[in-house]
K.L.:
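Have a look at this one.
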Amino acid sequence: MKPKKIAAAKARKTTKAVSSKSKAAKKITAKKPAARKVAAKQVKAQAPTAKNIAYDPQIIEKKWQAKWEADKLYRAVIDERKPKHYALTMLPYPSGDLHIGHWYAMTPSDARARFKRMQGYNVLFPMGFDAFGLPAENAAIRDGIHPMKRTYQNIERMRKQLKSMGAMFDWSREVVSSDPEFYRWTQWFFIQLYKAGLAYRKMAAVDWCPKDNTTLAREQVIGENRVCERCGTPVIKKDLEQWFFKTTKYADELLRFDELDWPQTVKTLQTNWIGRSEGASVHFKTEAGEDIEIFTTRPDTLWGATFMVFAPEHPLVDKVTTPEQKAAVEAYKAQAARQSDIEREAADKEKTGVFTGGYAINPVNDERIPIWIADYVLLSYGTGAIMAVPAHDERDFAFARKYDLPIVPVIQPEGVTLDGATMERAHEHEGVMINSGPFNGTRATDEKGMANPAIKAVVEWLEQKGIGRRAVNYRYRDWLISRQRYWGAPIPMVYCEKHGWNPVPDDQLPVLLPEDVEWKPTGESPLKLHPTWKNTACPECGEPAVRETDTMDTFMCSSWYHLRYLSPHYNKGPFDEKEYNYWMPVDTYTGGIEHATMHLLYTRFFHKALRDMGITEGNEPMIQLRNQGMVLAEDNSKMSKSRGNVVAPDRLVEKYGADTVRAYLMFFARWEMGAPWDSQGIEGSARWIRRTWILFTDPSTTLRSAQDEPIAATDETKKNLRRKVHQTLRKVTRDFENFEFNTIISSLMELMNEMYKAREAGAVGTPEWNEATEIYLKMLAPVAPHIAEELWTHQMGKPYSIHQQTWPKYDEEAAKEDTIEIPVQVNGKVRDRIVVAADASEKAIEATALASPTVQKFLEGRPPKKVIVAQKRLVSVVV
RNA sequence: GCCGAAGUGGCGGAACAGGCAGACGCGCACGACUCAAAAUCGUGUUCCUUCGGGAUUGAGGGUUCGAUUCCCUCCUUCGGCACCA
């Protein structure tokens, strides 16, 4: 049993009695059971008094939301006298209803933005809607409701729900990505990227339903046999000319994170996603007369390349295939094409392949090597063809053993002699080069790329000889922008027979989506089917030309929306430079980890590309990033409509009020981790908010301070209260900085419990009490903005608004303890606790510890071998 | 398979920088109030115990006077990538 606990318990015991204002009530602080009973009865008889108002969040929350809005309290306006803070949280897709996950992402972000504001920053905290996208279009196909209508209805509904959070969103800066005044600039950016040479067209495969005659998104392809979601027809791959952005041009820069305060996990995810590997590009001749470049990370093993493997779809396959092998090759190609991606990518799948009959020449030793095709070589990576070095690559080894191809070791590990005929696995590690002509004896390490002396030597030699060069390859692909959809920003390009593709002139932007469109049940793009929309004039010659009927990936909108918030209605450019110069970059960006690779990489790419065009400044758009976790359903599963286990924030707000919901979301889990929802758990937060209300409104507080009664509190009580206040302030300040919301709430709960205790001890009306109430409410303000405002402005009569107050500074001196309790260990076990003055010397602490009878008992008369006094935290005695 | 994150009471979690494990809250038990219930308030709540104490932060080892924290091996869960040449 800890002394702390006893004290707290005592405080709680007397709370009830104190709700009386009578003189008798004062007596009962001496806590005789009989007296308490009397007091409680009196309370009942008096209640409700005018002063003893019940907590009604429905009334106060609506009241303050209306007033804040009317007063434009959260308008963010450039103010050069103040440091700026651009806090951004990812904008929602208007799906219809706000989800508890939105609340979980947004309300702690809001609390932190509010904290920053109270710290003196000029804070911009905007909100908007990522309004284009597939769900609205699907609904249109299903129900015949126009996506525009549905989207804007949803936005209206969700805007209202968002406002019920009591967040400090500056709604005057709201953006909706499907508004023409927004997508005009999305289109403008496309054109800028096009003009900068970063947009190009190429053929790319899409998943296609041959029956519905339409492209399918990944989630519209169902099951292992990959059928169309609508009609069950097996999906095929279809090649279409599509628009791409050259994101890979920035791959190397995107791998640099030195200006970013981002979670390590996100940086790792992006690094893996980009998948940079260093090596060499090597030129091979084939006997069919066509040359081929291959990429390898191990040019040091070139002398061990005993065959080549092409991807079955590789365009050169037909050229190198001999007539005798043609049938086998065709058969293999056909079965590879039939396989789903999933089957093909199964890791444990046995290697298969077919000899083409063709040969290539290994350029380093002029050996004639056979060309095979196999589905373990992917057309999408590297050049779609590899040199196979079975002695030093597991996959090539398995393939060579299966088809009885030669294995020649060229890297000899220390103390072992590798023999191609008998070795049981590939040797993928360090050793000394052998069988490698001029390089025999060169040391190959486990280092990758040019850091490996063997690779470096060979690459330099290849370059000299003109048969290869240093090369870097990426897993990362260029960004495919085209979507064969209606509900997106039209790609502002026009095709003319004579002049090819040209951008729509600026003065004709935006290219508006036609509203008079119809949906076929198949999902074919209405833009393609529209009778007149695509007809236009060539910007070059004025002759009849056609518009691009594809629209843009919605990631395009989210790549720059943070810039539109700067000046949502500005019409001379995508943003007002003045606003940009003041607010950018985004200081704090919050959102889900699921956007780690796509959205966040696209946004960084976009910013860098714009920087190089002189449109933006700085290298990064968002300096600090934090990810929240996920709120799971009570049974630990994911929440989903189909499972019927979603938690509706609207109903929680009705039942508990927004302040309680906010507090619980901050309290119930580590923010970055998330946790299952607990419908009982929220009662605890509701209780805390209610007890806060009672602490400030109960007659035992309000009347006591009004009556100027003599102060009963001892100096010690007052000092303890002040200490707790400043300790809490120190902790809450630090926790806000670090996004540790759960411990902010628990610290505030502790302080509140302490304040109840202090009230019992007669502290109401003292300067310490008044300071405690002020600081408590200021710390509460970012968490529970409504109740804090009500208690501050209305109940205590302090100047409106609490949200314009400055964050208090903690007093280090006041937070200091007078005495400290130090545990004493004997042989590593805690045996006693001693109380010493906070400024006691180590010597004094040691003496006190050794003098303790308990410690003496455990010493059993033995002299201590060693006594360690650890910085006023612990004494460790070793015998 | 590779990369990353995380494993602490019945539950969510706390523990600044190697120094009292379990703050704060939920739940539960008992009690007060109540005709009763809800609400509220109070007390207790890691496990074992011969009441001396012992064990305990996924498991096992190591470093240290001292490890939830650092190192090694392993297990489990989650996330990412997945034949990447």
Side-chain angles (χ1 to χ4, degrees), chain A residues 1-2 4-5 9-10 12-17 19 33 36-37 40-41 44 263-273 275-277 279 294-298 309 344-349 351 374-378 380-389 393-396 398-399 473-475 593-594 596-597 630 664 667-670 672-673 675-685 687-688 690-691 694 730-731 734 740 742-743 745-750 753 821-830 832-833 864-879:
Chain A
M1 185 70 219
K2 274 150 215 152
K4 235 204 246 159
K5 248 186 184 165
K10 272 186 198 157
R12 257 172 278 154
K13 202 178 263 172
T14 45
T15 307
K16 181 157 220 169
S19 9
R36 273 170 58 211
K37 219 172 247 180
K41 286 231 166 90
K44 211 186 161 198
Q264 187 54 47
T265 46
V266 174
K267 293 192 275 187
T268 306
L269 285 171
Q270 294 201 346
T271 303
N272 294 342
W273 188 258
R276 180 184 198 274
S277 41
I294 58 100
F295 173 76
T296 175
T297 53
R298 295 294 305 275
V309 186
R344 241 183 104 159
E345 284 165 11
D348 49 356
K349 208 189 84 175
K351 303 259 170 304
D375 58 11
Y376 81 91
V377 174
L378 311 174
S380 57
Y381 185 78
T383 62
I386 61 160
M387 67 169 195
V389 184
D393 181 284
E394 279 301 340
R395 296 156 300 172
D396 297 345
F399 195 80
N473 200 40
Y474 302 93
R475 206 189 74 85
I593 185 90
E594 66 274 16
T597 51
M630 243 207 299
Y664 183 59
F667 177 66
F668 88 120
R670 253 153 83 184
E672 73 277 19
M673 302 296 284
W677 181 256
D678 181 350
S679 51
Q680 302 276 1
I682 192 172
E683 296 286 350
S685 300
R687 215 163 283 147
W688 170 56
R690 225 178 296 126
R691 273 168 59 80
I694 289 165
R730 180 172 61 193
K731 172 139 183 71
R734 195 177 56 212
E740 285 164 8
N742 54 342
T743 47
I745 310 297
S746 45
S747 306
L748 289 175
M749 286 172 169
E750 280 184 52
N753 292 339
E821 200 190 58
I822 299 179
V824 184
Q825 293 185 343
V826 179
N827 281 345
K829 289 209 167 112
V830 177
D832 196 15
R833 292 161 220 276
K865 224 183 261 169
K866 206 171 174 186
V867 180
I868 294 142
V869 180
Q871 279 294 48
K872 324 213 154 170
R873 283 191 219 182
L874 178 134
V875 179
S876 183
V877 183
V878 190
V879 291

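Residue numbers start from 1 in every chain, and the chains themselves are labelled A, B, ... in the order their sequence lines are given, proteins ahead of strands.
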K.L.:
Hey, does the side chain of A:Lys829 come within less than 4.0 Å of B:C65's phosphate (OP1/OP2), counting only N and O?
P.N.:
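Result: no.
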
K.L.:
For B:C24 versus B:U45, give the span between their P atoms, rounded off to a whole number of Å.
P.N.:
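Per the computed distance, 12 Å lies between those P atoms.
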
K.L.:
Determine the Euclidean distance between corresponding C1' atoms of B:G25 and B:A14; express it in Å to zero decimal places.
P.N.:
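Between the two C1' atoms, the distance is 11 Å.
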
K.L.:
Taking the same atom, P, in B:C70 and in B:C26, what whole-Å distance lies between them?
P.N.:
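Comparing P positions in B:C70 and B:C26 gives a spacing of 31 Å.
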
K.L.:
Answer yes if the ring centres of A:Trp688 and A:Tyr664 are under 6.0 angstrom apart, and no otherwise.
P.N.:
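No, the ring of A:Trp688 stays outside the 6.0 Å limit from the ring of A:Tyr664, centre to centre.
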
K.L.:
Identify the pairs formed between an N or O of the protein and an N or O of nucleotides 56-62 of chain B at a distance under 3.5 Å, and give each distance.
P.N.:
none

K.L.:
Convert the base pairs of RNA chain B into dot-bracket notation, remembering that pairs crossing earlier ones are written with [ ] and that bases paired across to another strand are shown as |; include only Watson-Crick or G-U pairs under 3.5 Å.
P.N.:
(((((((..(((......[....)))((((((.......))))))(((....)))..(((((..]....))))))))))))....

K.L.:
If I pick the C1' atom on B:A21 and the same atom on B:A67, what distance separates them, to the nearest angstrom?
P.N.:
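About 12 Å, rounded to a whole number of Å.
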
K.L.:
Regarding A:Gln825, tell me which of base, sugar-phosphate or nothing describes its non-hydrogen contacts under 4.0 Å with the strands shown.
P.N.:
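Base contact - A:Gln825 has a heavy atom under 4.0 Å of at least one base atom.
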
K.L.:
Please measure how far the P atom in B:C78 lies from the corresponding atom in B:U73, and state the result in whole Å.
P.N.:
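Looking at atom P only, B:C78 and B:U73 are 23 Å apart.
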
K.L.:
When we call it a touch if two heavy atoms are under 4.0 Å apart, what does A:Ser277 touch: a base, just sugar-phosphate, or nothing?
P.N.:
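Counting heavy atoms under 4.0 Å across all strands, the contact made by A:Ser277 is with sugar-phosphate only.
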
K.L.:
Which value, in whole Å, describes the distance between the C1' atoms of nucleotides B:C71 and B:C2?
P.N.:
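Result for the C1' pair: 23 Å, nearest Å.
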
K.L.:
B:U63 and B:G53: how far apart are their P atoms, nearest whole angstrom?
P.N.:
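Their P atoms lie roughly 30 Å apart.
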
K.L.:
Look at all strands and tell whether A:Ile868 reaches a base, only sugar-phosphate, or nothing, counting heavy atoms closer than 4.0 Å.
P.N.:
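Touches a base.
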
K.L.:
Given atom CE of A:Met749 and atom P of B:C26, what is their separation to the nearest angstrom?
P.N.:
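Nearest whole value for this atom pair: 7 Å.
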
K.L.:
With side chain to side chain contact (heavy atoms under 4.5 Å, CB included) as the criterion, how do A:Ser277 and A:Phe295 come out once you've worked through the C-alpha distance, each side chain's angles and the decisive distance to 0.1 Å?
P.N.:
CA-CA 10 Å; A:Ser277 41; A:Phe295 173 76; 4.0 Å; yes

K.L.:
How does protein reach along nucleotides 4-18 of chain B, written 5' to 3' as B (base within reach of a heavy atom under 4.0 Å), S (only sugar-phosphate), or - (no contact)?
P.N.:
S-S-----BSS-BB-

K.L.:
Examine B:U40: is either OP1 or OP2 under 4.0 Å from a nitrogen or oxygen in the side chain of A:Arg690? Give yes or no.
P.N.:
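Result: yes.
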
K.L.:
Counting just side-chain N and O atoms, does A:Arg687 come under 4.0 Å of either OP1 or OP2 of B:C26?
P.N.:
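Looking at the OP1 and OP2 atoms of B:C26, one of them is under 4.0 Å from a side-chain N or O of A:Arg687.
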
K.L.:
Expressed as a whole number of Å, how far does the C1' atom of B:G13 sit from that of B:G27?
P.N.:
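B:G13 and B:G27 have their C1' atoms separated by 14 Å.
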
